[in-house]
Amino acid sequence: MSATADFVVPNRALQRYILADEKIIIATHRHWSMLWEPLLTTAGAFVLALTLLVAVDPNVRNDMGWVWLPFVVLGGRLLYKWLEWRARWFVLTDRRLLVLDGFLIHRVAMMPTEKVTDLGYERTPMGQLLGYGTFVFETAGQDQSLDRVTWIPQPDSRYRLIIATLFHPDAADAEAAAQANPDIRPQATPSAESPSGPPPPALMPRIGRRINPPTQRIELPIARSAAAQDGTIPASATNESAIQDATVPASEEPARPSWSSTGGGTAPAPSGSGAHHGGHVPGGATADPDSEVRPEPFIEGGKDPKIR
């Protein structure tokens, strides 16, 4: 018989709600301090009735049986509260959370464990003294009836077990075994000789420090390869001096304008190709407007608004 079946058989209230292949991790009643109010009121009624009977004349005690009536009523209320307490269960399985409630009217609230996104834990001063706590379950969807589960006994150990089951399934069995046998729980002890490693890197650089990237040299292989094809420099020459000393052919040297006709002074005569072009600059002062072809300007809309 499995551990789940061993637990369910003596607690027949769970047989109607636990599946055959479902593993029970936590199944507990609420803390006994939940009954403190009916216990105190019933005990107070008993003490009051006994005090009255002791204080009155012994001859009239037989006629004062009515003083036990509050004790009987409060005692019946205490019995009903105890039956309600016996019917209230908080159950955690490997698939879902269950809260069973109600002695005369049975109520079952269920929530899959996949919907739980966070778990809160609260303990009041009275809860720390008596040993109970409150679990606050947060889900990804709308508010559930299981959002607050109060009066949970042994809350510290059960909190660890719920955390291990919901968010660290690989550590759930180890935590359950450690709670069953506290002697096997590993204790973290700091080593006496812990090597001090390098300090962690700073998240942000210091204000005011600026690190400039190194200057990179960019070479243009097009000019080098063009000069090598013309034969002016050998193809194997890769240094910069070889390219600087190389002579570009006169046919490929760009034309240089002459400003002698503009009255702005006499510029030095261009070498090589200056005589070939005759000092003519396209669009310059010596240009022939009839023979020179100029590109037409682009006008948006096809018409210049200045020309009418």
Side-chain angles (χ1 to χ4, degrees), residues 1-38 78-124 126-128 130-181:
M1 185 177 295
S2 64
T4 302
D6 294 339
F7 186 83
V8 171
V9 167
N11 299 275
R12 298 184 179 275
L14 302 179
Q15 290 182 351
R16 292 170 288 185
Y17 312 112
I18 302 301
L19 302 178
D21 58 344
E22 202 168 10
K23 179 182 178 181
I24 294 179
I25 299 173
I26 296 175
T28 179
H29 293 291
R30 303 302 175 89
H31 196 266
W32 62 266
S33 59
M34 186 179 181
L35 301 173
W36 70 269
E37 187 268 335
L78 174 61
L79 177 62
Y80 176 76
K81 292 290 185 179
W82 180 79
L83 294 175
E84 284 278 341
W85 175 81
R86 287 282 299 175
R88 299 187 70 176
W89 286 88
F90 171 69
V91 182
L92 171 66
T93 68
D94 55 346
R95 301 180 184 180
R96 53 184 176 156
L97 291 165
L98 288 168
V99 171
L100 312 180
D101 194 5
F103 171 65
L104 297 179
I105 300 176
H106 299 278
R107 293 178 294 271
V108 180
M110 187 273 295
M111 181 173 58
T113 56
E114 291 82 4
K115 283 191 174 183
V116 181
T117 59
D118 196 3
L119 175 61
Y121 179 32
E122 299 177 0
R123 291 192 73 178
T124 61
M126 188 61 67
Q128 298 177 26
L130 299 179
Y132 66 87
T134 299
F135 293 154
V136 182
F137 294 94
E138 296 183 7
T139 59
Q142 59 184 2
D143 293 339
Q144 303 285 336
S145 58
L146 284 175
D147 55 350
R148 293 182 66 88
V149 182
T150 58
W151 305 98
I152 299 297
Q154 302 177 6
D156 292 338
S157 60
R158 290 194 165 104
Y159 174 77
R160 295 194 304 267
L161 189 55
I162 293 174
I163 287 294
T165 303
L166 296 181
F167 306 109
H168 305 281
D170 52 343
D173 294 337
E175 179 62 28
Q179 293 188 13
N181 188 4

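All values derive from a computational prediction rather than experimental measurement. No hydrogens, no waters, no symmetry mates; every other heavy atom, side chains included, goes into these values.
With a 4.5 Å cut-off on side-chain heavy atoms, Tyr132 and Met126 count as touching. Under the 4.5 Å side-chain criterion, counting only non-hydrogen atoms from C-beta, Arg158 is in contact with Pro153. With contacts defined as side-chain heavy-atom distances shorter than 4.5 Å, the pair Arg148/Val136 qualifies. The closest side-chain heavy-atom distance from Arg123 to Asp156 is below 4.5 Å. Side-chain contact between Glu175 and His168 is absent, with no heavy-atom pair separated by less than 4.5 Å. Looking at heavy atoms from C-beta onward, Tyr80 lies in side-chain contact with Leu104 at the 4.5 angstrom threshold. Side chains of Leu119 and Phe137 form a contact here, defined as non-hydrogen atoms less than 4.5 Å apart.
Between Ala27 and Leu14 the shortest heavy-atom distance is CB-CD1, 4.3 Å. Of all non-hydrogen atoms in Leu78 and Pro38, the two that sit nearest each other are CD1-CB, 3.8 Å. Taking all atoms of both residues into account, the shortest heavy-atom contact from Ser157 to Gln154 is OG-O, 3.3 Å. Residues Gly131 and Pro155 approach most closely at O-CD, 3.7 Å, considering heavy atoms. Phe167 approaches Thr117 most closely through the heavy-atom pair CE2-O, 3.8 Å. In plain terms, the two heavy atoms of His31 and Leu130 that are nearest each other are NE2-O, 3.1 Å.
Ring orientation note: the planes of Tyr159 and Tyr121 are close to parallel, at an angle under 30° on the 30°/60° scale.
Qualifying salt bridge (Lys or Arg N to Asp or Glu O under 4.0 Å) partners for Arg96, counting only residues two or more places apart in sequence or in other chains: Glu22.
Note that OG1 of Thr113 is 7.0 Å distant from CG of Leu97, once rounded to the nearest 0.5 Å. Taken from CD1 in Ile18 to CG in Leu98, the straight-line distance is 5.0 Å, to the nearest 0.5 Å. For the atom pair CD1 of Ile26 and CD1 of Ile162, the computed distance is 4.0 Å after rounding to the nearest 0.5 Å. The distance from the CG atom of Asp147 to the CE atom of Met111 is 8.5 Å, given to the nearest 0.5 Å. A distance of 12.0 Å separates CZ in Arg160 from OG1 in Thr165, rounded to the nearest 0.5 Å. Distance CG/Leu146 to CD/Glu138: 14.0 Å, rounded to 0.5 Å.
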Between Arg16 and Val108, does a side chain to side chain contact (heavy atoms under 4.5 Å, CB included) hold up when you go through it step by step?
CA-CA 11 Å; Arg16 292 170 288 185; Val108 180; over 6 Å; no

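For the ring-ring contact (aromatic ring centres under 6.0 Å, His included) criterion with His29, the lone passing option out of Phe90, Trp151, Trp85 is Trp85.
Between the side chain of Ser33 and the backbone N or O of Trp36, no donor-acceptor pair lies under 3.5 Å.
Ion pair Asp101/Arg30 not flagged as a salt bridge, since none of the NZ, NE, NH1 or NH2 atoms sits closer than 4.0 Å to an Asp/Glu carboxylate oxygen.
Annotation for Arg86: atom CZ does not count as buried by contact number, only 12 or fewer foreign heavy atoms lying within 6.0 Å.
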